[in-house]
Amino acid sequence: MANVNPLNEKVSMNNPMTTNPMNNMSNGSAAVAANRMHPMSNPTTGHHINPLNAQINPHSVVKPVSHDMIPASVVPAAHHTTPINPRTSNLAARPPHRRGDHHMFLTSDDNAMMKHIEETHIPDGRDFDVKPLVHIIEDIVHRATPIAGHVHEAKVQAHLEALEEKAPHNGLTEILNYLAYPIHRISMELISKCANKEDAHSTTMSLLHSLTTYAWDTKVAITFAAFAQQYGEFGLLVHQYTTNPLAKSVAIIMELPEIMTRQDVLKQKFDAIHDLIDKMLDVTKCIIEFRDVQTSHRQHVITQELEMLINTAHISTAAYWTMRAAVMCAAMILNLIAIGHEQISSTSEAWELSSLTHKLANILDHLRKVLNLCHQKIEEKRQQDAFEALLRLLRTPHIDNMKILSILIHSRDDQLPLFDGTHKRRVGLDVLRRKHVLLLISDLDIAPEELFILHHMYAESKTQPNRPESNYEVVWIPVVDKRLTPWTEAKQVKFEEVQASMPWYSVAHPSMIDPAVIRCIKEVWGFKKKPQLVVLDPQGKEANNNAYHMLWIWGSLAFPFTKAREEALWKEQTWNIELLADSIDQNIFTWISEGKCICLYGGEDIEWIRSFTSATRAVANAARVPLEMLYVGKKNPKERVRKNSSIIQIENLSHVVQDQTLIWFFWERLESMWHSRTQQDIPGETDPILQEIVTILSYDGSDLGWAVFSRGLAETTRGKGDLIVQVMKGFDRWRDEVSDVTTFVPALDRQLRDLHSPHHCTRLILPSTSGHIPERVVCAECGRPMEKFIMYRCCIE
């Protein structure tokens with residue numbers, strides 16, 4: 001299908017014989033109307049004398065309004081002289097305008113019409129802000145409606161209330177200094193053309209020639225203002241002729257009381273005119289907005305790209321039809337006064353108004369679509385520029401961190417950008433000056449378990465504020481992309497709830513995070529769903545794009561949370577029960593100091609748990625080995641794990657982690673160890689710590705139980721649930737290998753290895769939002785690369 005310009009949609013109004021309301025009059029009534037309306041008509045010759053230029057032949061083309069036709073007092077000093085344009089310098093010598101010239105638009109294509117419209121446009125470069133003028137026009141046309149139905153009365157009232165809410169536009173007096181005279185000229189030209197029985201197209205083209213040096217938005221505003229002046233005068237007379245003696249006398253001369261007796265028909269006519277005026281206003285505002293796009297946002301968008309997009313809006317055609325609508329409305333008001341009852345119930349006028357309203361509605365729809373694309377392009381370029389500027393800023397050395405933080409957290413209207421979670425008050429960015437800052441990046445759905453653990457670590461760091469590792473602050477950066485999901489009251493409540501639960505600093509409102517910053521967070525720092533901690537040093541330089549794993553593994557000992565510190569901590573680390581269990585249960589440190597054997601085990605099958613704990617306890621008693629067992633459940637401590645913990649306690653099977661949040665933390669921390677370790681420059685095949693981490697994570701990925709045994713901080717071993725139960729029940733076969741507590745774990749390890757089968761199926765399940773996922777992961781059982789699968793899981797208990 002060919003690309004059809006919606007602005008040039010052909011309607012029957014292109015027929016000049018149906019668009020001129022004056023053509024609906026009989027010759028006699030037209031003459032009477034002309035004589036009644038225009039005292040400057042020559043009664044002898046019948047020729048109409050142009051009140052603005054009595055020397056111009058009424059049938060010749062109207063010359064463009066040039067600067068030297070406007071009094072010097074209303075023209076800026078810089079524009080007193082206008083260069084002669086070769087396209088317009090010989091206009092006076094053109095052949096007289098023939099009434100039938102406009103028929104070419106009936107036979108030529110739409111491009112020819114656009115070409116003729118654009119040929120009238122020779123702007124001199126002056127730029128007027130016509131928005132104050134349009135504001136006054138809008139006020140006039142809504143207040144001046146002589147008669148309106150109930151529906152339109154409500155619309156008018158709504159418009160007036162909206163207008164009253166707007167502050168008066170500055171610059172109105174200044175703009176009228178330049179445009180008052182052209183408005184008056186166009187108003188008189190409208191009267192002249194209507195009295196001369198010019199059709200709507202010819203009149204509109206004449207106005208375009210008269211306004212040839214103005215920009216499109218200014219042409220439309222001047223023409224609209226000229227009509228609004230006439231419409232306002234008529235409306236003022238209608239509103240006051242029954243109460244004001246002067247208005248009554250003028251109305252009697254105009255036979256207005258007689259006309260107003262047909263209010264039933266007049267309501268329909270003025271409702272239709274009001275509908276058309278509304279569309280004229282909307283299109284005019286769109287044309288002005290295009291002008292603003294061209295002038296105000298040029299620095300944000302590649303000019304050529306923007307111009308090409310604006311060209312598809314066909315502003316010239318939109319201006320033509322808006323001006324033509326003004327001509328139509330002006331003619332109808334003037335004809336109503338001139339002809340009276342004969343014009344009130346004109347069927348052709350009603351059809352023309354409806355058709356032109358539909359035409360402008362289509363134009364408006366197209367303009368808004370293109371305008372939205374323009375704003376989208378402008379915003380994309382602005383965001384790209386802001387994003388690139390942010391990246392440059394992040395790479396640039398600074399004296400302190402204030403400049404970086406002020407870009408990341410943008411304060412508007414001098415508002416304090418931070419909320420102090422400890423003292424529950426708004427504060428400025430100065431509280432972070434030259435400090436290590438941890439940006440806690442998350443969406444609004446941050447898990448309460450994470451907040452609990454972070455709260456504990458943060459509070460612990462502040463108990464001894466003079467320690468070097470306590471010299472950092474946390475700032476919550478909520479990532480809410482309003483371009484994807486709108487901000488709602490429910491989200492506001494959620495944001496306030498999460499913010500209130502944090503003892504550290506947070507952004508006062510998500511709107512202070514610019515889209516360019518959100519893009520940086522996602523594309524540069526790799527944020528997906530899982531919370532991150534981006535570390536900025538005291539100079540604002542990025543020290544680590546995600547210290548979350550370091551904080552989970554070592555807490556404040558990881559300060560200053562740099563990659564170098566992470567590498568140093570791992571070099572000091574060996575695989576033992578302390579690294580694995582950390583502080584999920586304070587009894588562990590006591591057991592370690594007492595030299596006891598410690599067993600951590602997990603799983604969901606309560607029958608296996610009973611079998612395992614019973615067999616293990618029997619072996620420990622038989623070997624006289626001091627053994628303590630601790631149940632750590634599974635990664636997601638759902639209801640089944642809670643029930644298991646309760647049963648274990650009731651039946652006294654072993655110790656349990658009392659706080660379910662700490663069970664969650666055990667598995668989250670183990671995942672953090674995996675992420676942190678995989679980013680070290682150590683091959684997985686030769687990394688014993690990574691192999692142990694992967695093994696235990698793979699245990700949790702299965703539905704079976706598992707256990708890890710350790711003697712204090714010394715040797716460890718681990719195995720799957722079925723193998724361990726089998727080994728424990730066959731203790732009599734390896735009893736002789738256990739002489740005391742120091743030989744129990746090595747002997748158990750040998751038994752598990754002897755029973756190990758080459759046939760296995762190991763699963764390592766990691767959430768897709770957990771950050772860095774290496775392309776290659778080796779199996780802890782056999783050392784071969786594991787296959788990668790995508791799993792979707794819905795686990796509801």
Side-chain angles (χ1 to χ4, degrees), residues 7 52 61-67 69-70 74-75 79 82 85 87-88 91 113-138 141 175-190 192-193 198 200-230 277 279-295 310-311 313-330 356 359-360 363-364 367:
L7 303 186
L52 302 182
V61 66
V62 180
K63 290 184 179 180
V65 176
S66 61
H67 296 300
M69 296 174 67
I70 302 176
V74 299
V75 180
H79 302 296
T82 305
N85 191 301
R87 295 171 60 186
T88 59
L91 284 176
M113 180 178 177
M114 290 181 63
K115 181 180 178 182
H116 280 77
I117 293 170
E118 290 171 355
E119 282 177 351
T120 67
H121 185 57
I122 310 173
D124 58 11
R126 289 181 299 170
D127 186 18
F128 296 104
D129 180 9
V130 295
K131 287 191 285 293
L133 179 59
V134 172
H135 184 273
I136 294 299
I137 292 170
E138 190 171 6
V141 296
I175 194 71
L176 287 177
N177 285 339
Y178 298 117
L179 299 185
Y181 184 70
I183 290 170
H184 174 70
R185 286 181 56 85
I186 295 302
S187 177
M188 297 303 292
E189 189 170 349
L190 280 173
S192 171
K193 293 294 180 182
E198 291 280 352
H201 170 71
S202 297
T203 302
T204 306
M205 293 301 294
S206 177
L207 297 181
L208 287 170
H209 280 290
S210 297
L211 300 170
T212 186
T213 59
Y214 294 97
W216 289 112
D217 61 326
T218 310
K219 297 180 203 283
V220 174
I222 291 173
T223 306
F224 207 159
F227 159 68
Q229 178 182 326
Q230 298 172 8
I277 288 174
K279 289 296 179 288
M280 291 164 59
L281 278 169
D282 290 339
V283 173
T284 300
K285 291 176 183 178
C286 274
I287 293 173
I288 293 171
E289 197 167 350
F290 273 106
R291 178 75 168 174
D292 289 343
V293 166
Q294 288 178 298
T295 56
I310 291 176
N311 286 341
H314 305 290
I315 301 297
S316 57
T317 312
Y320 165 82
W321 284 107
T322 307
M323 294 171 67
R324 180 162 169 167
V327 170
M328 174 78 69
C329 291
L356 193 50
K359 176 75 175 180
L360 285 182
I363 289 174
L364 179 63
L367 289 178

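Residue Thr120 comes nearest to Met205 through the heavy atom pair CG2-CE, 3.9 Å, listed as atom of the first residue, atom of the second, then distance. Minimum interatomic distance between Lys131 and Ile288 (heavy atoms only, all atoms of both residues): CG-CG2, 3.6 Å. Ala221 and Val134 make their closest contact through CB-CG2, 4.4 Å (heavy atoms, listed as atom of the first residue, atom of the second, distance). Nearest approach of Glu189 to Ser206, heavy atoms of both residues: OE2-OG, 2.6 Å. Ala318 and Leu367 get closest at one heavy-atom pair: CB-CD1, 3.9 Å. Scanning all heavy atoms of the two residues, the minimum distance from Ala326 to Thr223 falls at CB-CG2, 4.0 Å.
No side-chain donor from either of Thr203 and Glu198 sits under 3.5 Å from a side-chain acceptor of the other.
Formation of a donor-acceptor pair under 3.5 Å by the Ser192 side chain with backbone atoms of Met188 is not found in this model. Judged purely by atom type and a 3.5 angstrom limit, Thr212 has no side-chain atom pairing as donor or acceptor with the backbone of His209.
Note that CD1 of Ile122 is 12.5 Å distant from CG of Leu211, once rounded to the nearest 0.5 Å. Rounding to the nearest 0.5 angstrom, the gap separating the OG1 atom in Thr322 from the CZ atom in Phe227 is 13.0 Å. Note that the CD1 atom of Ile363 and the CH2 atom of Trp321 stand 7.0 Å from one another [nearest 0.5 Å]. The CD1 atom of Ile117 sits 11.5 Å away from the NE2 atom of His314 when rounded to the nearest 0.5 Å. Distance check: Ile186 CD1 to Met323 CE gives 7.0 Å after rounding to the nearest 0.5 Å. Note that OG1 of Thr284 and CD of Glu138 are 10.0 Å apart. Values are rounded to the nearest 0.5 Å.
Remark: Asp127 engages Arg291, Thr295 in a side chain to side chain contact (heavy atoms under 4.5 Å, CB included) (not counting sequence neighbours). In this structure Ile175 satisfies the side chain to side chain contact (heavy atoms under 4.5 Å, CB included) test together with Phe128, Leu172, Leu179, sequence neighbours excluded. Partners of Gln230 according to the side-chain hydrogen bond (donor to acceptor under 3.5 Å, both in side chains) rule, which considers only residues two or more places apart in sequence or in another chain, are Ser187.
A heavy-atom distance below 4.5 Å is not found between the side chains of Val283 and Val220. Side-chain contact between Asp217 and Ile315: absent, with no pair of heavy atoms (C-beta onward) separated by less than 4.5 Å.
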- Lys219/Leu208 under side chain to side chain contact (heavy atoms under 4.5 Å, CB included): CA gap, chis, key distance, verdict: CA-CA 7 Å; Lys219 297 180 203 283; Leu208 287 170; 4.0 Å; yes
